[in-house]
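A short write-up of the structure that comes next.
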Amino acid sequence: MYKNKYMNKKVRVRFAPSPTGGLHLGGVRTVLFNYLFAKQHQGDFIVRIEDTDQTRFVEGAEDYIFNTLEWCGLVPDESPKHGGPFAPYRQSERKAIYRQYAEELVNAGYAYYAFDTTEELEQMRNNYKTSENPSPQYNHTLRAKMRNSTCLSANDVSKLLADQTPYVIRIKMPEDQTVSFTDMIRGEVSFNTAQVDDKVLLKADGMPTYHLAVVVDDYLMKITHAFRGEEWLPSAPVHLLLWKYLGWEAEMPLWAHLPLILKPDGHGKLSKRDGDRLGFPVFAMDWKDPKSEELTVGFKERGFLPEAFVNLLAVLGWNDGTDNELFTIEELIEKFSMERVHKGGAKFDYEKAKWFNHEWIKKSSASQLNNKVAKILAQNNIEVKDNELLNTVIDLVKERCTLLSDFLMQSSFFFKNPEQFDTASIQPKWDATKNQFFIELANAFELSILWNSADLEKEFKELAAAHQLKPGELMLPLRIMLVGGKFGPGVFDIANLIGKEATVARIRTVVGLL
RNA sequence: GGCCGGUUCGUCUAUCGGCUAGGACAGCCCCCUUUCACGGGGCAAAGACGGGUUCGAUUCCCGUACCGGCUACCA
């Protein structure tokens, strides 16, 4: 597989989300690729919570992440929730660890103290902003003009430190150096350090930024392969240098930068707003913002099967080289490979997403769907007393359900009388002969001894012939009488399942309405 | 603006120098079905552009265009 220095090492991968809100399609896909890769190599899948930005912390977001992973069946081997030998797995709880490495970098001359205030930074950006350079960077050209330990005297620095002046630690990017690495998806990617700024490593509040934390933790947690979104590519040189400066270069994981999931229309990264705007979910499960109380619908609640959700995510940017698009998680574990991940971003197509769900509903057995369907019916005050009947109904209607919620319309009439009848569709062609036919049909059914689809159909057709009516023009009225509208499986199958009493009663009800 | 990445039917994609460019979703038509589906069959639909390299380029190289990402004491 990967013929490299990790051949003899146990594969360890991590998903490192920030607990700032609901888990997005792209996030779950990153989890999935991590999970598949880990399981394929009998490795470990770790979830590490990157909560270093205290201002963005959102209550409940972490639980939401774990609930989502559980729903998807992508359960981590190690995490703050599941424990593990490298605990703690929450970066806020590892705060003390990072400072020592940051100081180490300063001592080695790879990083420095910077005392600039927010206002000073803003001023610098304003001062040096030109039309050719709209966003000046804190880099090798400008750092000498700022307040930091590269240009201040040792005395001044000691004094500022002694006075408890707030400071950050910044990496000292080399002036002109080419750094490159081999991405599992993209191949060799290289950068010139002149183009990247002196990123903050340790913030004034003592928390590390992502850049420091991800390197330190990936090292300490013995991560062998690191997968993340393409938006991280530009900061790869910072991370690369950090691995080197900290003396861990030999342990550096193999990286893969995953393509982005884009808006279906317009341009740009898919966001929660696009879902609201276009009417489809982007979060895995319902997410309620604790502050605004705003509810964002999820794929789960929209009626998606987790198997379908995982399947559709897997093939958004990846394929196995054949024409097959339907995969179980086991098949994905077996077939997945990072090399076959497409490089370009993919626009999300909700229609195709629904197709996956439809396929999964069709291939699921009635007993696999039973609980989920029963729950949806129960939410709509339909109590299912007979589970066997529900299974029969599910098998009868599942091919016409795209979302689990479709089971409501497709099967409620098996359990209770329709509340509305689409009599408007019968009316135009209704006449005395048909009226008489249905009165007699109800009577005949009432006296039937045999109650099964085939005999009911036979009886129906014989009676139609007796009235010199074509069965065709009677089928639609009968359907509407039994189910309420122009939908559902075969009419005689329905009559058979709902039984004599309900069949007769519904026919008479509707005849009375016409 | 700079840096990095990307670019095949409307959408997701196959192709690893030989292509009549294949599949899937969506669309349209037909069959099956006197509902809606399922199923079966069919139609329409693509290599951003310009240069190279080559007997031969969608495939390799270089430009250009376009799209995206990044350019925070956010991740």
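Within every chain, numbering begins at 1; the chains are lettered A, B, ... in the order of the sequence lines, protein sequences first and strands thereafter.
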- Message: Base, sugar-phosphate or nothing for Gly488(A)? Non-hydrogen atoms, less than 4.0 Å.
- Response: base
- Message: Rounded to whole Å, how long is the line connecting atom CG of Asn357(A) with atom P of C25(B)?
- Response: 15 Å
- Message: Would you measure the distance from the C1' atom in G10(B) across to the matching atom in A45(B) and give it in whole Å?
- Response: 8 Å
- Item | Length of the line joining Leu270(A):CG and G68(B):P, which is rounded to integer Å | 14 Å
- Query: Quick one: is C74(B) close enough that its OP1 or OP2 comes under 4.0 Å of any side-chain N or O from Lys203(A)?
  - Reply: yes
- Between U7(B) and U15(B) - P atom distance, rounded Å: 13 Å
- How far does the P atom of A37(B) sit from the matching atom of G1(B), given to the nearest Å? 50 Å
- Starting from P on C70(B), measure out to OH on Tyr210(A) and report it in whole angstrom. 13 Å
- Pairwise P distance, A57(B) and A65(B) [rounded to whole Å]: 25 Å
- Report the base-pairing partner of U7(B) (Watson-Crick or G-U wobble, both distances below 3.5 angstrom), or none. A65(B)
- Can you spot which of Arg228(A), Glu230(A), Arg186(A) makes a side chain to side chain donor-acceptor pair (under 3.5 Å) with His257(A)? Arg228(A)
- How do Val189(A) and Arg56(A) order along RNA chain B: which one's closest nucleotide is nearer the 5' end? Val189(A)
- Query: Considering only the C1' atoms, how many Å lie between G39(B) and A75(B), rounded to the nearest integer?
  - Reply: 49 Å
- Message: Classify Arg228(A) by what it touches in the nucleic acid, base, sugar-phosphate, or nothing, heavy-atom distance under 4.0 Å.
- Response: nothing
- Using purine N1 to pyrimidine N3 plus N6-O4 or O6-N4 for Watson-Crick, or N1-O2 and O6-N3 for G-U wobble, both under 3.5 Å, which nucleotide pairs with U34(B)? none
- Atom OH of Tyr138(A) and atom P of A72(B): how far apart are they, to the nearest Å? 13 Å
- Message: Can you say whether a donor on the side chain of Arg400(A) sits under 3.5 Å from an acceptor on the base of C36(B), or the other way round?
- Response: yes
- Query: On the ring face of Trp360(A), is Lys363(A) found with NZ or CZ under 6.0 Å from the centre and within 45° of the axis?
  - Reply: yes
- Would you please confirm or rule out a distance under 4.0 Å between OP1 or OP2 of G1(B) and any side-chain N or O of Asn133(A)? no
- Query: Looking only at atom C1', what distance separates G69(B) and C74(B), rounded to whole Å?
  - Reply: 15 Å
- For atom C1', what is the distance between U59(B) and C16(B), given to the nearest Å? 8 Å
- Task: Could you tell me whether the side chain of Lys352(A) has a donor or acceptor atom within less than 3.5 Å of a complementary atom in the base of A26(B)?
- Result: no
- Message: Using the P atom as the point on both nucleotides, what is the distance between G5(B) and C60(B), in whole Å?
- Response: 15 Å
- Task: Starting at atom NZ of Lys347(A), determine the distance to atom P of U7(B), rounded to an integer number of angstrom.
- Result: 14 Å
- Message: My understanding is that a pair needs two contacts under 3.5 Å, Watson-Crick or G-U wobble. By that rule, which nucleotide pairs with U15(B)?
- Response: none
- Atom-pair distance (CG on Asp323(A); P on U13(B)), nearest Å: 15 Å
- Item | Distance test, side-chain N/O of Ser135(A) to OP1/OP2 of G2(B), below 4.0 Å | no
- Which base sits across from C28(B) as a Watson-Crick or G-U pair, both distances under 3.5 Å? G42(B)
- Do the side-chain N and O atoms of Asp116(A) and Tyr138(A) include a donor-acceptor pair separated by under 3.5 angstrom? yes
- Message: Please tell me whether Tyr350(A) and Arg302(A) have a donor and an acceptor in their side chains that are separated by less than 3.5 angstrom.
- Response: yes
